[in-house]
*Asks:* 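Following this message is one structure expressed as structure tokens.
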Amino acid sequence: MTLPTRARAAATLAVGLVLASTTTTVALAAGHTPADATRTTVTPPPATAAPGATDRLIVKYRAQGPGATPGATTQASRLDRIEAAAAAYGAGAEHVRDTLQGAQVWSLGSSLPVADVQAIAAQVATDPTVEYAEPDRLMQPLAAAPDDTRWAEQWDLKSTAVGLDVLTAWDTTRGAGVNVAVIDTGYRPHADVAANIVGGYDLISDTAVSNDGNGRDSDASDPGDWTTTNQCEAGWTARNSSWHGTHVAGTIAAVTGNGAGVAGIAPAAKVVPVRVLGTCGGYTSDIADAMVWASGGTVSGVPANPNPARVLNLSLGGSGTCDTTSQNAITAARANGAVVVVAAGNSNVNVSGSSPANCSGVIAVAAYGPTGARAYYSNYGALVDIAAPGGDTSGGSANGILSTLNSGTTTPGSDSYAFYQGTSMATPHVAAVAALMISAKPSLTPDQVEALIKSSAQPFVATCSSCGAGMLDAATAVAAAVGGTTPTPTPTPTTPAGTIAESESNNTRATADPATRPSTFTGTLGSSSDTDYVSVPVPRARRSP
């Protein structure tokens with residue numbers, strides 16, 4: 001069977017808009033015809049849970065028009081019915097006023113989740129005299145572009161084909177209540193991010209690496225990681241201090257709406273800095289301890305972390321297979337409920353040779369530039385999970401990722417900002433979006449966060465081969481989190497370009513065969529009761545920033 005632009009009349013098209021419309025599911029059902037056009041009774045689908053709270057209900061009665069006043073007996077009967085429906089939720093009922101449209105507004109006496117008020121409304125609507133009943137929702141101002149002075153330069157966060165669309169995500173959450181551990185070089189108390197730094201620890205055990213004169217301690221501030229020629233190995237080139245952890249922290253949670261600097265992706269989240277990288281880098285053993293400690297686990301000789309993180313950002317890596325030490329630490333962190341996000345690497349090679357991005361249970365992140373194409377440096381491969389903005393400064397510094405930094409070339413100087421590029425910059429985009437998702441729905445597991453990030457990704461707008469499930473999208477990921485679905489990651493098609501073959505397990509929406517655009521679906525309906533599904537990516541309309 002071939003599915004061209006239009007479906008055959010013998011198949012019903014069940015179009016399922018998955019939250020913010022990233023995927024349309026087309027059901028090809030044998031032996032079914034379109035619904036009878038003369039049918040007048042339609043059973044609505046179950047109401048989906050909505051975020052927010054309200055203490056009011058709107059009820060429209062069939063017999064009451066605008067300006068009409070019900071009799072005392074009628075009104076008493078209405079009060080009794082609403083009270084009975086609200087009682088199960090510990091609420092009451094009191095008439096507030098009539099609207100211009102002839103509906104009545106009722107107070108429930110206490111604020112309830114909108115989902116509960118929806119349930120009360122559904123019960124009230126079983127009364128045949130009721131035309132409709134619904135929550136009187138509390139609306140909020142929609143997020144506007146922040147007044148941070150360098151917002152215009154943050155192409156990676158905008159509502160464009162290559163941006164994350166954080167403005168829409170912020171309508172739901174800004175990341176409050178979530179700690180993100182930045183396992184990196186430590187931090188500088190930059191004025192544009194310091195308010196969102198909490199706790200932290202220096203887990204560098206070797207004083208030759210720490211560059212601060214001591215080993216492990218509670219001071220996670222970054223003294224600088226500059227090096228001189230041949231200092232780390234023969235042929236080593238001298239380098240200035242990178243202030244790498246400060247740049248990463250700003251991308252995640254720079255203070256936003258303060259009329260200065262840059263905006264963070266999850267500006268209400270907190271950053272827990274964990275220092276593991278110093279002179280010449282950092283040891284795997286320290287990094288492994290950092291993952292365990294940051295997620296709330298126990299590390300011998302180190303006080304317990306009073307601010308356990310739900311998300312770990314590792315913008316670091318090296319060559320080789322996944323070592324046992326790193327894998328054990330990742331497994332422990334995930335068992336503690338933490339999402340582990342890792343940079344794929346900047347060597348333009350297959351990520352299978354880059355650790356810890358090639359370890360099991362991590363979200364491995366590739367990078368693209370402002371065109372959406374894979375950045376020339378980004379690693380790639382089947383182990384990459386998602387692509388995010390990492391910048392590509394080969395066409396100019398403004399094509400990088402702008403974030404907080406320090407002006408010191410060796411030891412700390414003054415606050416500054418800079419454009420960096422790398423999968424190190426792409427990774428905090430994913431970590432911050434994970435924080436937004438967990439803030440919106442704290443019960444999400446690490447596996448659910450990963451599945452939703454991948455299933456809500458946008459289709460690539462430029463060539464990004466082996467870059468994972470698609471382009472990171474904050475708005476659709478947050479919407480998916482609120483919706484609470486955990487779709488099965490779709491397999492990568494192995495058929496020729498433009499064609500998608502039917503799998504043997506595509507008999508449910510969760511296992512729908514993915515189809516690129518344009519493409520032709522070929523398959524066989526096994527019987528008159530067989531139903532096969534195909535998922536088609538549908539770009540979501542984005543508003544202007």
Side-chain angles (χ1 to χ4, degrees), residues 17-24 51 140-148 150-176 178 250-254 256-257 262-269 341 363 365-373 385-391 399 401-403 425-441 449 452-462 464 467-483 485 537-545:
L17 199 62
V18 179
L19 300 166
S21 69
T22 60
T23 304
T24 295
Q140 305 294 335
L142 296 179
D147 63 0
D148 301 78
R150 304 195 68 172
W151 165 256
E153 300 169 84
Q154 293 185 272
W155 60 268
D156 49 317
L157 308 191
K158 300 295 183 61
S159 304
T160 63
V162 295
L164 299 192
D165 192 13
V166 298
L167 296 181
T168 300
W170 289 347
D171 289 343
T172 300
T173 178
R174 293 195 172 202
V178 180
T251 296
I252 294 169
T256 301
V262 296
I265 296 167
V341 189
I363 300 178
V365 185
Y368 59 81
T371 67
D385 294 298
I386 192 74
N399 291 329
I401 303 301
L402 181 65
S403 189
M425 284 57 257
T427 302
H429 286 75
V430 178
V433 169
L436 293 176
M437 296 167 68
I438 293 169
S439 176
K441 188 168 185 179
V449 170
L452 292 171
I453 282 176
K454 292 162 72 172
S455 66
S456 64
Q458 296 297 312
F460 291 110
V461 297
C464 198
C467 288
M471 303 169 73
L472 178 69
D473 187 289
T476 56
V478 168
V482 172
T485 57
V538 180
R540 172 175 44 77
R542 294 188 170 186
R543 67 186 184 186
S544 300

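Atoms considered below: every heavy atom in the structure, side chains included; atoms not considered: hydrogens, waters and symmetry mates. Here the structure is a predicted model, which means the values were calculated and not measured.
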*Asks:* What heavy-atom pair brings Ala176 and Ser439 nearest, and what distance separates the two atoms?
*Replies:*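 Heavy atoms only, the tightest pair is O-OG, 2.9 Å.
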
*Asks:* Should Val162 and Trp155 be marked as a side-chain contact (heavy atoms from CB on, under 4.5 Å) after you check the CA-CA gap, both sets of side-chain angles, and the distance that decides it?
*Replies:* CA-CA 8 Å; Val162 295; Trp155 60 268; 4.1 Å; yes

*Asks:* Between Ile401 and His429, does a side-chain contact (heavy atoms from CB on, under 4.5 Å) hold up when you go through it step by step?
*Replies:* CA-CA 10 Å; Ile401 303 301; His429 286 75; 3.8 Å; yes

*Asks:* Let me confirm one number: the CG-OG1 distance from Asp156 to Thr251, rounded to the nearest 0.5 Å.
*Replies:*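 Between Asp156 CG and Thr251 OG1, I get 7.0 Å after rounding to 0.5 Å.
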
*Asks:* Look only at the side chain of Asn399 and the backbone of Gly391, and say whether a donor-acceptor pair between them is shorter than 3.5 Å.
*Replies:* no

*Asks:* Do any N or O atoms from the side chain of Asp148 and from the backbone of Arg150 form a donor-acceptor pair under 3.5 angstrom?
*Replies:* no

*Asks:* Under 3.5 Å, side chain of Thr371 to main-chain N/O of Gly369, donor-acceptor pair present?
*Replies:* no

*Asks:* Testing the basics here: between Ala481 and Leu452, what is the closest heavy-atom pair and its distance to 0.1 Å?
*Replies:* CA-CD1, 4.0 Å

*Asks:* Check Met471 against Gly372 and note the closest heavy-atom contact, atom names and distance.
*Replies:* CE-CA, 4.2 Å

*Asks:* Using every non-hydrogen atom in the two residues, find where Ala435 and Val178 come nearest and quote the distance to one decimal.
*Replies:* O-CG2, 3.6 Å

*Asks:* Is the shortest side-chain heavy-atom distance between Val341 and Pro428 below 4.5 Å?
*Replies:*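 Not in contact.
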
*Asks:* Of Ile265, Ile386, Val449, which is the lone residue that meets side chain to side chain contact (heavy atoms under 4.5 Å, CB included) with Val433?
*Replies:*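 Answer to the side chain to side chain contact (heavy atoms under 4.5 Å, CB included) test with Val433 among Ile265, Ile386, Val449: Ile265.
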
*Asks:* From Lys158 NZ over to Leu164 CG, what is the distance, rounded to the nearest 0.5 angstrom?
*Replies:*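 Output value for this atom pair is 12.0 Å.
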
*Asks:* Test your reading of the model: is there a side-chain donor-acceptor pair from Gln154 to the backbone of Ala263, 3.5 Å cut-off?
*Replies:*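 Side chain of Gln154 to backbone of Ala263: a pair is present.
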
*Asks:* When rounded to the nearest 0.5 angstrom, what is the spacing between CG in Asp473 and CD1 in Ile453?
*Replies:* 11.0 Å

*Asks:* List the atom of Gly470, the atom of Phe460, and the distance in Å for their closest heavy-atom pair.
*Replies:* CA-CZ, 3.4 Å

*Asks:* Looking only at non-hydrogen atoms, find the nearest pair between Ala480 and Ser456 and report the distance.
*Replies:*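 That closest heavy-atom pairing would be CB-CB, 4.4 Å.
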
